[in-house]
Amino acid sequence: MYSVFTRAARHGRSTVRIAAAALVSGLVMAGAISGAGPARAVDGAPEQSGASAVISGMDTYGTAVVHQDGKDEQVSAGLFQLAVDGGGMLQTYCVDIHNPTQTDARYQETAWSSTSLGGNKDAGKIRWILQNSYPQVNDLAALARKAGTKTLTEQDAAAGTQVAIWRYSDQADVEALSPAAEKLADHLQRSAVNLAEPRASLTLTPQAVSGHQGERVGPVTVRTDAGSVGVTPPAEAAAEGVRIVDKKGEPVTSATDGSRLYFDIPEDADAGSAALTVQASTTVPVGRAFASDTRSQTQILAGSSESTVSATATATWAAQGAVPALSARKNCDKSGVDITVANKGDEPFTFELMDKRYTVGAEATRTVTIPLQEDQAYDFTIEGPHGFEKRLRGILDCRTASAAGADDEGLRTQTTTQPSPASVGGTGTPGTDLAETGASNATPVIAGTAIVLVLVGGAALILVRKKKAPAEGESEGE
C-alpha cells in the first residue's frame, strides 16, 4: 500500500513540501519552502539514470543448499529475467539471499554505492565472476574444463555462478546441490579478483541545475557507452521558448558521451522549471546493480540485450532572489538519503533540517542527509520555487540481512519459482506465493524511531528562503 501525501496549494507563491513516508510505520515528515514571485507549475521528471525494468521471474536455475544456525534449506539459484521499459531484456543474479523478490517489482539501474555492494570489499570479485561465467561465457564445455568437471548444463552453470556470488555478496555458507555446479562455484570463488565498478549505461550530471532568464542554464553532461543518444527538449516549456542547446547556443537533438547540454532560457520567460530527457539503445554493462523501490532483492546484471536506457535532468530559473536546484540520492555510507541544494541565485537560501538551520549562499552548493533506518521505505515529493517538482521513492537497502544481523531468527529462505506479490515496504506471505530466493528476516525497526522523530522535532524538513543573516550556530553554504 502506498502512502498518501498532500501537495501544498499555490496561492500566489511557490512552496516546497518534502513528505518522507515510512510506509511500514506510517511516519510522515513534512515541511515547506517559500519563494517570492510567480511560478509556473511543472511536474518534474522522476529520478532516473540508465535502464528501468520489471522483473518477470527466474529464467535458468538449479538448486542450492544454505547452511545456517545448524539448519539446511534448499533454495532456487540462478538467473532472473527482467523486461526493460521501452524494449530489451536483462538477465541478473541476486546479491541479497535473505530477501524475497516481489512479483512485477520495478527495478532501476543504480550505482553500487546505493546498495549493499557499496560497502562490500568483494564487490569487484562478483563482477569478475559475472564476466567469466554463464551467460557471458556460453561455451559450457570450456567452462566445465576450467571447473574440473566433465559436463555442465545451463542449469548447473547458472546455479554454480549464483552460489559463488552469494559467497561474496552475503558471506553465505551455501553450496550447489549438483556436484558439477558446486565445482564451478568453487572454481569461480577461488579465481575471482577485484574489478572496478562499471560505469552507468546513461547518466546526466548533475541531475538538477538552476540559473536566470536570458542565460544558458547548465551544463548538464552526458555520460554513456552508447554511440549516440536522442535529446528530447522540455515540451512543457516550449511555449516559453526554452530550448536545449550546446555551448554555442545551437539547438541539440542528439548527443554523445561527454556532450554538454544547456537549457536556453529567453529573457522574457516567466520564472519556472523544466525537464529534459535523453534516451538511447545500448547493452547495459555487466556488473551494474539494479535496485527496486519495493522490498525486493537487489540484483546485479549478468547479461543484456540491446535495451532502451534513459536519463532526466531538470532546470529551475528566476530573475532574482534564491534560485535553488534540488536533487537526491541514496547514501549508504551515511545510512540515509542526501538532498543537494545548488543555489545559483543572488541571495542566500536558508533551510531547516530536523531543527537545524543551514544556509546555502549565493552561487553555492550544500548537501544534507535525511537519516533512515535500514529497510525503511521513503517517499519524497519535492516541490520548489518556480515550478520545480520531483518525487523520489524507494527502500533504503544498504545491507544484506546477514550484515545487518537480522538472521538471528533463523533461516527463512523461501523457494518457489514465482516471485511474491509486490508491496512497498513488505514481503511475500509465507506459505502462499513465496519468493524464488531469499526471505525477509529483517523486520524493519522503524516504528520506535519514527515516534522519537515526531516527538523530538516533528520530523519536519522545512526549507524557507529568508533574507535575514544566519542566526548563531548557522553555517554558510560550502
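Not one N or O on the side chain of Q91 forms a donor-acceptor pair closer than 3.5 Å with the backbone of P135. Between the side chain of T298 and the backbone N or O of V95 there is no donor-acceptor pair closer than 3.5 Å. T316 contributes no side-chain N or O that, together with a main-chain N or O of S210, makes up a donor-acceptor pair within less than 3.5 Å. Side-chain atoms of E109 come within 3.5 Å of backbone N or O of A51 as a donor-acceptor pair. Side-chain N or O atoms of Q108 include one that pairs as donor or acceptor with a backbone N or O of S49 at under 3.5 Å.
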Go through it in stages, so that I can follow the logic: the residues are Q102 and S292, the test is side chain to side chain donor-acceptor pair (under 3.5 Å), and I'd like the CA-CA distance, side-chain angles, deciding distance and then a yes or no. CA-CA 9 Å; Q102 305 288 341; S292 177; over 6 Å; no
Derivation and outcome, side chain to side chain contact (heavy atoms under 4.5 Å, CB included), residues R288 and S201: CA-CA 9 Å; R288 288 297 291 167; S201 60; 6.0 Å; no
Intermediate values then yes/no, side chain to side chain contact (heavy atoms under 4.5 Å, CB included), V309 and Q279: CA-CA 6 Å; V309 295; Q279 190 174 86; over 6 Å; no
Under the side chain to side chain contact (heavy atoms under 4.5 Å, CB included) rule, what do L130 and I165 come out as? Steps first, then yes or no, please. CA-CA 8 Å; L130 293 165; I165 289 172; 3.8 Å; yes
Show your working on side chain to side chain contact (heavy atoms under 4.5 Å, CB included) between M58 and F80 and close with a plain yes or no. CA-CA 4 Å; M58 295 197 84; F80 291 83; 3.8 Å; yes
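When every heavy atom of V220 is checked against every heavy atom of A313, the shortest pair comes out as CG1-CB, 3.9 Å. Across V323 and H212, no two heavy atoms sit closer than the pair CG2-NE2, 4.3 Å. Taking each heavy atom of P198 and P285 in turn, the nearest pair found is CB-CB, 3.9 Å. Pairing each heavy atom of W128 with each of V193, the nearest pair is CB-O, 3.2 Å. Of all non-hydrogen atoms in T369 and G336, the two that sit nearest each other are CG2-CA, 4.1 Å.
Here R106 pairs with D85 in a salt bridge; the nearest charged N to carboxylate O distance falls below 4.0 Å.
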Donor-acceptor list for residues 241-251 side chains, cut-off 3.5 Å, not counting sequence neighbours:
| residue | atom | partner | partner atom | Å |
| --- | --- | --- | --- | --- |
| R243 | NE | D264 | OD2 | 3.4 |
| R243 | NH2 | G249 | O | 3.4 |
| R243 | NH2 | D264 | OD2 | 2.9 |
| D246 | OD1 | K248 | N | 3.0 |
| D246 | OD1 | G249 | N | 3.0 |
| D246 | OD1 | E250 | N | 2.8 |

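Screening T203, V252, V231, L204 for a side-chain contact (heavy atoms from CB on, under 4.5 Å) involving V222 leaves a single residue, L204.
Applying the disulfide bond (SG atoms under 2.5 Å apart) rule to pairs touching residues 274-332 yields C332-C398, sequence neighbours excluded.
Side-chain polar atoms of T282 and D225 form no donor-acceptor pair below 3.5 angstrom.
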